[in-house]
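Worksheet: the structure to be examined is printed underneath.
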Amino acid sequence: MTTPRDCLGQISGGTVLDVATGSGNFVHFLLDGLKDYTAITGIDTSEKAAAAFTEAFKEHPGVHFENMDAAQMTFPDASIDTVCISNSLHHLPDIAAVLTEMKRVLKPGGTFILSEMYRDNLAETQVTHMLMHHWWAAIDTARGIVHNETYTRRQLLAYASGQGLQQVAFHDLSDLSEDSRAPETIAYLSNVIEQYLSCLTGLPNEEDLRLRGQELRQRVETVGFHSATTLLAVFRKP
């Protein structure tokens, strides 16, 4: 299985910016993978994320959180050595604006890292994840929350390549080694599905969404579940 060190071990991060960081899941990947770094800043607009992030990295004085809109960052031009965004493109109302801002604050010669799950060329157990994600996206959209379906691998590369960045390395991260129908996995996902089902009352297409959830519960039990493949793409700013 490919490790964070395999993907990022040759990169000296310097000052690192993790965009739309949430509770900092990708920061853990950075800490495990980067050759070294000076400081890591995670930005997000969620106050709930801020609390979770701060708690998660309280033992890492070089890692901190700032409440900031990724489409209108306050960092100066060419001030960051490494910029990252992970599993957040499908939550953005304006992807191009955020990627443009990331490129703006990145120093010439700096590293641009894009990490995002994609929906094509998946094993059947991974298709379960993709279908669940698309169901979650449909529910959030019905509730007025920006949440798009996942993209294809080609679409993800087009987003990054459209910024005029130089390609460095691509990694397709997938782990099918775990039991896809482990009882604890099925129990956890069943609980998640139940939580989403409880939010459906009064939503447009409620019955359709409820049926999709019930079908997904059955699929988890019969087909199983593995996380969808993630593209981790590394670029350099000219």
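Position 1 is the first residue of the sequence; numbering continues from there.
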Counting only N and O atoms by type, is there a donor-acceptor contact under 3.5 Å from the side chain of [X] to the main-chain atoms of [Y]?
X	Y	value
N205	D208	no
K237	L106	yes
T125	F225	no
E116	L89	yes
D44	A49	no
R119	T150	yes
S12	G14	no
T100	A96	yes
Q167	F235	no
S88	A20	yes

Would you compute the distance between atom [atom1] of [X] and atom [atom2] of [Y] and round it to the nearest 0.5 angstrom?
X	Y	atom1	atom2	answer
L8	D6	CG	CG	9.5 Å
R212	E207	CZ	CD	14.0 Å
S23	K48	OG	NZ	9.5 Å
T41	I80	OG1	CD1	6.5 Å
T201	L209	OG1	CG	11.5 Å
M68	E101	CE	CD	10.0 Å

Decide yes or no for [X] and [Y]: does some side-chain heavy atom of the first lie under 4.5 Å from some side-chain heavy atom of the second?
X	Y	value
R143	I139	yes
I193	Q214	no
M130	L122	yes
L131	R219	yes
V98	I85	yes
L173	C7	yes
L31	V27	yes
T82	T15	no

message: Can you confirm whether more than 12 heavy atoms, excluding those of Q166, are under 6.0 Å from its CD atom?
response: yes
query: Would the number of heavy atoms belonging to other residues, nucleotides or ligands and lying under 6.0 Å from CD of Q195 be above 12?
result: yes
task: Output, in order, the C-alpha distance, side-chain angles, deciding distance and verdict of side-chain contact (heavy atoms from CB on, under 4.5 Å) for D18 and I43.
output: CA-CA 6 Å; D18 187 40; I43 66 168; over 6 Å; no
message: My understanding is that only one of I113, V19, I40 makes a side-chain contact (heavy atoms from CB on, under 4.5 Å) with F26; could you say which?
response: I113
Co-membership, hydrophobic cluster, residues [X] and [Y], 4.5 Å side-chain:
X	Y	result
V105	I11	no
I95	V83	yes
V234	F29	yes
L99	F170	yes
W135	Y188	yes

task: Decide side-chain contact (heavy atoms from CB on, under 4.5 Å) for R217 and S190; before the verdict, give the C-alpha distance in whole Å, the side-chain angles of both, and the deciding distance to 0.1 Å.
output: CA-CA 6 Å; R217 192 199 303 276; S190 179; 2.9 Å; yes
Between [X] and [Y], what is the shortest heavy-atom contact and its length?
X	Y	value
T222	R181	O-NH1, 3.3 Å
E149	A137	N-CB, 4.2 Å
P238	L165	CD-CA, 4.3 Å
V16	C84	CG1-SG, 4.0 Å
T128	G224	OG1-O, 2.8 Å
H129	A228	ND1-N, 2.8 Å

- prompt: Is the distance between the ring centroids of H90 and Y151 under 6.0 Å?
  reply: no
message: Is there a side-chain contact (heavy atoms from CB on, under 4.5 Å) between Q163 and M102? Walk through the geometry before answering.
response: CA-CA 10 Å; Q163 296 299 311; M102 290 174 65; over 6 Å; no
Salt bridge or not between [X] and [Y]? Use side-chain N to carboxylate O under 4.0 Å.
X	Y	result
R210	E206	yes
R154	D120	no
R104	D77	yes

task: Taking ring-ring contact (aromatic ring centres under 6.0 Å, His included) as the test, write out the residues that go with F57, two or more places apart.
output: H28, F53
message: Is it true that T141 and H147 share a donor-acceptor pair across their side chains at a distance under 3.5 Å?
response: no
query: Are a donor atom and an acceptor atom from the side chains of D172 and Y118 found within less than 3.5 Å of each other?
result: yes
statement: Per side-chain hydrogen bond (donor to acceptor under 3.5 Å, both in side chains), Q126 is matched among D175, T229, N121 by T229
query: What's the verdict on side-chain hydrogen bond (donor to acceptor under 3.5 Å, both in side chains) for H171 and T2, showing C-alpha distance, side-chain angles and the deciding distance?
result: CA-CA 8 Å; H171 303 275; T2 305; 5.8 Å; no
